[in-house]
Amino acid sequence: MLESQYSAPEFDIYGDRHQPAGNEPWPAPLAAGPISAVVSLPGSKSLTNRELVLAALADSPSVLRAPLHSKDSQNMVDALRALGTTITDTDATGEFGPDVLVTPGELTGSTTVDCGLAGTVMRFVPPVAALALGPTTFDADDSARGRPMTTLISSLRDLGVDINDDGRGSLPFTVHGTGRVAGGTLTIDASSSSQFVSALLLAAARFETGLTLTHEGERLPSLPHIDMTIAALAARGVTVTSPAPGTWRVEPGPIAGLDVDIEPDLSNAAPFLVAAVVTGGSVTIPRWPAETTQVGAELLELLPKFGAEVVVDGDRVTVSGTGRISGVDLDLTTAGELAPPLVALAALADSPSTITGIGHIRHHETDRLAALATEINKLGGEVTELEDGLSIVPKPLTGGLWSSYHDHRMATAGAIIGLVVKGVSIENIATTAKTLPQFPELWTTMLAGAVSR
Ligand SMILES: O=C(O)C1=C[C@@H](OP(=O)(O)O)[C@@H](O)[C@H](O)C1
Ligand SMILES: C=C(OP(=O)(O)O)C(=O)O
C-alpha cells in the first residue's frame, strides 16, 4: 500500500502550479487554427463522490478504480475520514492517480467537515453525519457558504435529527448524530438542487425504516444526477423504486462493498469538445462509456444542434466543427451543469440563442446566469438574463479580464472564448482544480495540435 495521495498535503491537487506567479491572470491561449487533439480526462466528480459516500456506508471494503483526484474529491475524502472511514491509495496507479481502497468503520463524528466549494460534500455528508455517534460541524469556503441548504436541514430535522444552524438555514451548522436515524416518509422541495434528493437517497438504506421521499415543487432540475444516485445504490444491492414520478422508496438494508470503475468526467469533456466546434477542428475523447448516467453524455445530442458533427467509434467520441456555429433554443433543465461551456459557444455563434430551464444555476458555485452575462458583456457581448436562463446575441468580442467567481466552469468558459478572441485573461485559473486540476495543462497540450491557418 502506498502512502495515500489523498493524505499528502504537499501533493498539488489544488493546481497552484498552474496559477501564474503572484496570482496573475492566466493568458488564455489563442488557437492558431483548427484544433486536432485526443484528450484523455480524469474521473467523474459526481461518480467519485457518490461512490466514496456509499463505500463509507457499506458493510465491507470497496475499491474505486480511476477515481477523480481533485479539490472536491479531496474534501469528500477528508470528510469521510473525519467521520471514521479509512481511505488509502492502492498500489495500482492510472494516468491521473492511484485507485483507492475505502474501508468502512464506525461513524464516530465529534469532528468538523470543510466542504470547500463542493455541493456534493455539503449535501451528501450531513445525512451520513446524522448516522454518526457525535456532533459534526460543517463549514465551507466563504464563496460557498451561501449555497442553499435549508431543504436538507429541514428534511433531516423532519426525520428527527437535531441540527444547530443558529436559525440561518445555511452553512455553518452542526449535525448532532446519535448513531441512528429512524427514517420514514418525507416530502421536500428540491427545485433549487437535485442534490437534496440524492443526499437523502444515498444514506436512506441505513435509516431504520428506509425512506419514502417525494419531491413537491415547481421543478426538479438535473434528473440524470438522481438516476446516477439510484444506479449507484442498485449496483450495491440496495432496493430503490420509484412508485410515482417524483417519489422514490429506498428499502432499509445493507449497502454492499464494491470494486467500481469510475468513468471519465463527461461534463469536463464539454470545454474540450466545444473547443473543436469553436475552432472548426476536431477533438477525440477516449474511454467514453457506452452506457452512462452522466449528463455529459447529452453533449452528443446537444453539440450537433450548434452545427457540430459527432462520431462515436467504439469507446472514442470525436466532435468536429464545421466552420459554422448555429444559434440554438435549448431547455437545459436536465443538464444545467453544461450551461457555462454551451453559453460560451452560443456567444461565438452565427445567430442568437436562448437557453432556458436553468434558473437553479444561480445557486451553483456562483450565480452563473449573472456571471456569464457580466463576463461576456464585459468583452462586448450582448447577453441578457432571463428569469430561468439567458438570451445570447453574438457580437464581435474583444480581449479583457474574465473573472472566475471561484467557479471552475466559469474559468473554463472564459478559456473557450479566449481560443478565438485575442487578449482574454482568466482570473484564478487555479479554481479549475475543483474538479480538474490538470485543466491548464490539458488545454495547452490540446492546443499544441492546432493547425495554423
Ligand atoms: O449530484 C451531483 O453530483 C450534481 C448534481 C447537479 O446539481 P444541481 O441539481 O444543483 O444542478 C449538478 O449540477 C452538480 O454539478 C453535480
Ligand atoms: C454545480 C456544480 O458543482 P457542485 O457539485 O459543487 O454543485 C458543478 O460542478 O457544475
Side-chain angles (χ1 to χ4, degrees), residues 42-54 68 70-76 79 114-125 127 140-141 143-152 171 188-202 215 217 219-233 262-263 265-271 292-296 298 332-343 357-369 371-372 388 404-413 431-436 439:
S44 152
K45 164 199 78 174
S46 291
L47 286 170
T48 300
N49 279 5
R50 275 170 179 70
E51 294 299 344
L52 286 168
V53 168
L54 290 175
L68 175 66
S70 76
K71 185 171 175 344
D72 272 15
S73 61
Q74 181 72 54
N75 284 124
M76 183 62 92
D114 173 9
C115 304
L117 296 163
T120 50
V121 179
M122 68 180 74
R123 275 68 179 259
F124 297 175
V125 182
D141 287 11
S143 68
R145 268 184 157 190
R147 294 185 71 180
M149 290 302 305
T150 319
T151 302
L152 188 67
L171 290 158
I188 67 168
D189 180 354
S191 302
S192 64
S193 176
S194 66
Q195 290 178 351
F196 298 130
V197 174
S198 289
L200 293 160
L201 298 184
L202 282 169
H215 159 72
R219 57 204 299 278
L220 183 58
S222 313
L223 261 181
H225 283 98
I226 297 178
D227 293 340
M228 180 186 282
T229 300
I230 293 169
L233 284 163
I262 304 295
E263 300 164 3
D265 194 310
L266 304 187
S267 293
N268 275 340
T292 181
T293 50
Q294 287 193 69
V295 73
E298 291 186 19
L332 273 189
T333 304
T334 58
E337 192 181 62
L338 303 178
L342 296 182
V343 169
I358 49 172
H360 70 289
I361 77 169
R362 291 189 187 279
H363 307 297
H364 280 176
E365 283 78 342
T366 185
D367 176 341
R368 283 182 171 162
L369 298 185
L372 285 162
D388 74 337
S404 298
Y405 306 83
H406 302 284
D407 181 351
H408 55 147
R409 295 194 209 280
M410 278 303 295
T412 55
T431 202
T432 53
K434 182 178 191 289
T435 60
L436 187 55
F439 175 78

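Numbers here are sequence positions counted from 1. Atoms within a ligand are numbered from 1 in the order they appear, just like the ligands themselves. Just so we're clear, the structure is a prediction, and the values are computed from it rather than from any experiment.
For atom 5 (O) of ligand 2, the nearest protein heavy atom (residue, atom name, distance) is K45 NZ, 2.8 Å. For atom 10 (O) of ligand 2, the nearest non-hydrogen atom of the protein is R409 NE, 2.6 Å. Summary of contacts: the protein heavy atom closest to atom 1 (O) of ligand 1 is R50 NH2, 2.7 Å. With hydrogens left out, the protein atom closest to atom 7 (O) of ligand 2 is R147 NH2, 2.7 Å, a heavy atom.
If you number the atoms of ligand 2 from 1 as listed, the ones under 4.0 Å from a heavy atom of Q195 come out as 4 (P), 5 (O), 7 (O). Residue-ligand proximity, A118 to ligand 2, at heavy-atom distances under 4.0 Å covers atoms 6 (O). Atoms of ligand 2 lying under 4.0 Å from any heavy atom of E337, numbered from 1 in the order shown and given with element: 10 (O). Residue Q195 approaches ligand 1 through these ligand atoms, each under 4.0 Å from one of its heavy atoms: 1 (O), 2 (C), 4 (C), 5 (C), 7 (O), 14 (C), 16 (C). Within ligand 2, counting atoms from 1 as listed, the ones closer than 4.0 Å to a heavy atom of L117 are 6 (O). Annotation for ligand 2: atoms under 4.0 Å from non-hydrogen atoms of R368 are 1 (C), 8 (C), 10 (O).
Distances between N or O atoms of R409 and those of ligand 1 include no value under 3.5 Å. The shortest N or O to N or O distance between S198 and ligand 1 is not below 3.5 Å. Where the criterion is an N or O separation shorter than 3.5 Å, residue side chain and backbone included, T120 fails it with respect to ligand 1. The shortest N or O to N or O distance between H364 and ligand 1 is below 3.5 Å.
Proximity of F124 to ligand 1, defined as any heavy-atom pair under 4.0 Å, is confined to the side chain (atoms from C-beta onward). Neither the backbone nor the side chain of M228 has any atom closer than 4.0 Å to an atom of ligand 1 (non-hydrogen atoms only). Residue-level proximity to ligand 1 for S193 is carried by backbone and side chain together, each with a heavy atom below 4.0 angstrom.
Between the side chains of D141 and S143, no donor-acceptor pair of N or O atoms lies under 3.5 Å. No hydrogens or angles considered: nothing links the side chains of H225 and S194 as a donor-acceptor pair under 3.5 Å. In this structure, a donor-acceptor pair under 3.5 Å is absent between the side chains of D265 and T435.
Comparing heavy-atom distances from atom 8 (C) of ligand 2 across K434, H364, E365 singles out E365 as nearest.
The CE atom of M149 sits 6.5 Å away from atom CE of M122, with the distance rounded to the nearest 0.5 Å.
Residue contacts with ligand 1: R123 is excluded, as none of its non-hydrogen atoms falls under 4.0 Å.
Counting non-hydrogen atoms of neighbouring residues, nucleotides and ligands closer than 6.0 angstrom, the NE2 atom of H406 reaches no more than 12 such neighbours.
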